[in-house]
*Asks:* 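Let me give you the structure first, and then I'll get to my questions.
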Amino acid sequence: MATDQRKDFWQEIRERHVLQVVGLYLGGAWVALEFTGFIADHYDVSPYVIDLLLLGVAGMLPSVVLLAWTHGRPGKDRWTLADKIVVPVNVLLTTGLMVLLFSGKELGATTLERTGEDESGATVTRMVPKSVFRKRIGLFFFDNRSGDDQADWVGHWLPYGLYLDLVQDFYFDNRHPYQMRAALVESGAHDGVAPLALSRKIARRYHLVHFLEGALTSVAPYTVTTRLYLTKGSRLVAGHSYTDADLGVIVDQMSVDIKEDLGLPAGHVAEAEDLPVSAISTDNASALENFTLGLTELIFNHDWKLATRLLSRATAADPTFALAQFYLYQANLLQGRESEEAIRAAMQHLYKVPERLQGAFKEVYYLWQGEPGKALSALNLDVSLFPDDVIARRRLASFHYRVAQYAESLEQYRIIRKLNPDDDLVLRDMAEVLAAMGQFNEALEYLRAYSKTNPRDTEVLVEMGDVFLLHGRTRQAAKVYERAALLGHNPAKILVKQAQQHFREGHYQAALATAREAVEAGRSTETRVEALHTLEGQLQSLGRIADAMAVAREAMPLERRLAGPMNGVLLRLVHFNKYANTTLADSVLARLAAGQQAALPDPWGRAAGVIRVTYKVELPGQSISEEEIALVDSFYSEYKYLVDMPKELIMAHIATSRGEYIKAIQGYISTLSRYPQRLLVQRHMARAYRLMGDGQAARTTIDQLLKAYPHEPSVLYELYRIQVMNSDPAATRTLAHLLDIWQNADDIFLPPRQVRESLLSKSAS
């Protein structure tokens, strides 16, 4: 009986032509999918269209089967109740599923046409891909397993050369090893070569979807192997091997393979800008080797002199090598030399640089030429032409942040967030800007939002602690620093933060001990310099000037290594303000005058003069001439984007020293409005109020500052002077507290002397 029923069923299937109808449907669907795939592959149409069509075909299959069953028999048929119910429901369910799964997906073209103006006003038009289709890859140094130590540079060049090749294609937002130096060095990979686990960790830190590592296994000819991984889960996506005597050929082939491995449309790969890497760098083997060695010394090892020699050899071998000329210019800048010939050569051969990197060249060139307007125009052009290019927008956001245009910087980061909603790293950038704007609670909200989706990212915990410190919430800062330490954050960096926290809480000896521990634990030059500066500043605040000078001498060689010889000297001159309240003040002023008279090229020459002015305003009885004010004006008109000290603050200090207290207060208010996190400006403002005789305004201002800095000696000293002015009985307690803080202060430090003299005077009376 069951056999007869099966026979009847299959007989019915044949009579109703169900298989034929379904076959025709699937055949037509296959043709449609192939055609759509061809279109997507050759005409920059979203690949999501294929997935959408495939879902629609699969989703409507039940209706096709039902209609074939009810209407496939020859002759007239009526619509059944099942037809009237199942087909509409199937259509609705399939449509709903398509909307649910593809809502927010980009289903149109993958590119857009954009037009903008360059720094000269010329109109430029480009076709650029939408951000959703971009690929983010971390490129790490290749391990040299060839047995030839002289070939280490090859392992450095290959990922950097690959970055240059891929950056021509706007589908890629990659990071090369030099851009990840801090993370590599902090993790112990001082040579830049990271094992697989560390590469994955760093790729996750920078929210890179894929990462590439490789190895050089032989030379003459070169044999190279590569492995492309998915960061999430560390799944191997593809592996390749290359052998050729020409490194340029290997890089070019790696670039093509990566595009294929990541499924970029064949039409795009065929038509996209893809000059051979030798055309955007050099085809001269000697120039290439010396450039790579020089770049490593410049960025990884901070050996400016050796970097200059190597890069000079590279440019001598190939004067058209724009990248080598550009980095030679930077290496010379760090040593106080302009190197006009190098930067002119770089700009002359800018056509050899991938277009997306040209904005960075122009920014550096115009800033150091004192033409900030053109630098900003170059950055705005990149954003106009490539509005979905996160690299361009980050560069513009960073520029706005450096010049305290926080609202503009925040807007760029918000656009980046919309462009890459899956990459929440930008939330930390937005929090940094909000903290700079004084919006501490809003900054913490963004950091907490990031921390929820990245619970083991210790960087965000440190940033949360920094915001808590700015806000004066030291207990909360201590908690997040401890949590970051438990999760394995860089111990030295945590110690630096904890030293700052201890000092803010008035635990001065614990702060000094922790800062010294941070110096000893520091793996990178950056961390050790930060720890030494923290220790030096704390010793200065406690009046231990001789100890602060010893720390300064310890920091100097590291400063020169980190910032370059010339910048290191200027950085040290800035720290001379510690001598303003000492018996050494006049001799230091003479040294600063000698530094100003030295034949230093601009901007360093004028910067030395500005530093001398900022020191003079700290001293009583020093007059500031009109020529010195003009020097400050001229420096900031050309180089304001290169310095951290706001002009408003310097001019307010000058006004205070000249007795123009109302003008000074207006300057301090203007500084705070632009730089709300510079809370210690309120100490200078309170002093100006005190000097002009407004004790009530002085007390209100210093009380506001004490909420965030209740244990800062310089703030307490100003509080004491205001209390004396206002005949406040609490002045005696403040006086005793200051004497306790400065019990180990050096004799050359003047504030304790003044406090003791005041105490003796009170005792005598």
Side-chain angles (χ1 to χ4, degrees), residues 182-188 197-198 201-202 204-207 424-425 427-432 434-436 439-539 541-542 551 677 679 706-713:
L184 288 164
V185 172
E186 287 172 7
S187 301
L198 180 57
K201 177 183 176 182
I202 294 174
R204 290 178 63 181
R205 171 176 171 175
Y206 291 111
H207 289 222
D424 54 3
L425 195 63
L427 292 175
R428 287 166 49 190
D429 298 310
M430 296 169 73
E432 181 182 26
L434 287 165
Q439 299 179 23
F440 302 127
N441 290 330
E442 292 83 352
L444 287 169
E445 287 179 11
Y446 277 96
L447 292 174
R448 288 188 182 111
Y450 176 86
S451 187
K452 284 182 181 178
T453 55
N454 303 273
R456 299 193 65 82
D457 190 333
T458 56
E459 291 286 341
V460 69
L461 296 176
V462 173
E463 290 164 8
M464 289 173 67
D466 293 346
V467 176
F468 281 130
L469 275 188
L470 283 171
H471 210 185
R473 297 161 64 180
T474 54
R475 289 186 180 180
Q476 290 92 331
K479 288 180 180 178
V480 292
Y481 290 149
E482 288 172 3
R483 184 180 169 197
L486 288 172
L487 290 174
H489 191 77
N490 185 321
K493 293 186 74 172
I494 290 293
L495 289 169
V496 171
K497 301 300 182 182
Q498 289 176 327
Q500 295 167 356
Q501 166 221 323
H502 291 325
F503 201 87
R504 291 283 288 273
E505 292 174 331
H507 305 314
Y508 307 115
Q509 297 309 312
L512 296 176
T514 306
R516 173 50 67 183
E517 189 179 353
V519 174
E520 303 304 325
R523 287 181 175 178
S524 67
T525 305
E526 292 88 341
T527 303
R528 294 193 67 199
V529 167
E530 184 182 6
L532 287 167
H533 284 173
T534 297
L535 179 58
E536 182 182 354
Q538 291 173 352
L539 289 166
S541 294
L542 297 174
V551 173
Q677 67 177 350
L679 298 177
L706 282 165
K707 294 177 182 178
Y709 289 88
H711 303 287
E712 173 60 42

*Asks:* For the residue pair Ala531 and Val519, what are the closest heavy atoms and their distance?
*Replies:*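 Nearest pair, atom of Ala531 first, then Val519: CB-CG2, 3.6 Å.
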*Asks:* How long is the span from the CZ atom in Phe468 to the CG atom in Leu447, to the nearest 0.5 Å?
*Replies:*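 The CG atom of Leu447 is 9.0 Å from CZ of Phe468, to the nearest 0.5 Å.
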*Asks:* So does Arg523 get a backbone contact from the side chain of Thr527, meaning a donor-acceptor N/O pair under 3.5 Å?
*Replies:*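 No, because the side chain of Thr527 does not come within donor-acceptor range (under 3.5 Å) of the backbone of Arg523.
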*Asks:* Show the nearest heavy-atom pair for residues Ala435 and Ala443, with the distance to one decimal.
*Replies:*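 Scanning both residues completely, I find the closest heavy atoms to be N-CB, 3.9 Å.
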*Asks:* To the nearest 0.5 Å, tell me how far Leu425 CG sits from Asp429 CG.
*Replies:*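 Output value for this atom pair is 6.0 Å.
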*Asks:* Where do Val551 and Leu532 come nearest, in terms of heavy atoms and distance?
*Replies:*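 For Val551 versus Leu532, the nearest heavy atoms are CG1-O, 3.4 Å.
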*Asks:* Quick one: CG on Leu495 to CZ on Arg516, what's the gap to the nearest 0.5 Å?
*Replies:*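 Reported to 0.5 Å precision, the distance equals 12.5 Å.
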*Asks:* For His502, check side chain to side chain contact (heavy atoms under 4.5 Å, CB included) against everything at least two apart and list the hits.
*Replies:*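 So His502 forms a side chain to side chain contact (heavy atoms under 4.5 Å, CB included) with Gln498, Glu505, His507, Ala510, Ala511, Thr514.
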*Asks:* Calculate, to the nearest 0.5 Å, the distance between atoms OG1 and NE2 belonging to Thr474 and His711 respectively.
*Replies:*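 It comes to 7.5 Å.
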*Asks:* Can you find a heavy atom in the side chain of Leu679 that is under 4.5 Å from one in the side chain of His471?
*Replies:*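 No, their side chains stay 4.5 Å or more apart.
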*Asks:* Are the side chains of Met430 and Glu442 in contact, using a 4.5 Å heavy-atom criterion?
*Replies:*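 Not in contact.
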*Asks:* Would one find more than 12 heavy atoms of other residues, nucleotides or ligands at under 6.0 Å from atom CZ of Arg204?
*Replies:*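 Atom CZ in Arg204 is not packed in, count stays at 12 or less.
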*Asks:* For Gln538 and Ala515, which heavy atoms make the closest approach, and how far apart are they?
*Replies:*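 Of all heavy-atom pairs spanning Gln538 and Ala515, the closest is OE1-CB, 4.0 Å.
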*Asks:* For Arg483, look at atom CZ and say whether over 12 heavy atoms of other residues, nucleotides or ligands are found less than 6.0 Å away.
*Replies:*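 Atom CZ in Arg483 is not crowded, with 12 or fewer foreign heavy atoms closer than 6.0 Å.
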*Asks:* Start with the C-alpha distance between Gln500 and Thr534, add both sets of side-chain angles, then the distance that settles side-chain hydrogen bond (donor to acceptor under 3.5 Å, both in side chains), and finish with yes or no.
*Replies:* CA-CA 7 Å; Gln500 295 167 356; Thr534 297; 3.3 Å; yes
*Asks:* Has Arg504 got a side-chain atom pairing as donor or acceptor with Ala708's backbone, closer than 3.5 angstrom?
*Replies:*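 Yes; at least one donor-acceptor contact below 3.5 Å.
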*Asks:* Hey, does Leu487 have a side-chain heavy atom less than 4.5 Å from the side chain of Leu461?
*Replies:*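 A side-chain contact under 4.5 Å exists here.
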*Asks:* Let me confirm one number: the NZ-CG distance from Lys497 to Asn490, rounded to the nearest 0.5 Å.
*Replies:*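 Going from the NZ atom of Lys497 to the CG atom of Asn490 covers 11.5 Å.
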*Asks:* With rounding to the nearest 0.5 angstrom, report the CD to CZ distance, Glu445 to Phe440.
*Replies:*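 Output value for this atom pair is 14.0 Å.
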*Asks:* Backbone N or O of Gly537 within a donor-acceptor pair of the Ser541 side chain at under 3.5 Å?
*Replies:*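 Judged by distance alone, yes, a pair lies under 3.5 Å.
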*Asks:* Flag the pair Glu432 and Arg428 as a salt bridge only when some basic side-chain nitrogen lies within less than 4.0 angstrom of an acidic carboxylate oxygen.
*Replies:*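 So Glu432 does not pair with Arg428 through a salt bridge.
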*Asks:* State which residue, out of Thr458, Leu486, Val496, Asp466, fulfils the side chain to side chain contact (heavy atoms under 4.5 Å, CB included) condition with Tyr481.
*Replies:*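 That would be Asp466.
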*Asks:* Salt-bridge test for Glu526 and Lys493: reply yes if a basic N is under 4.0 Å from a carboxylate O, no otherwise.
*Replies:*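 Salt bridge: no.
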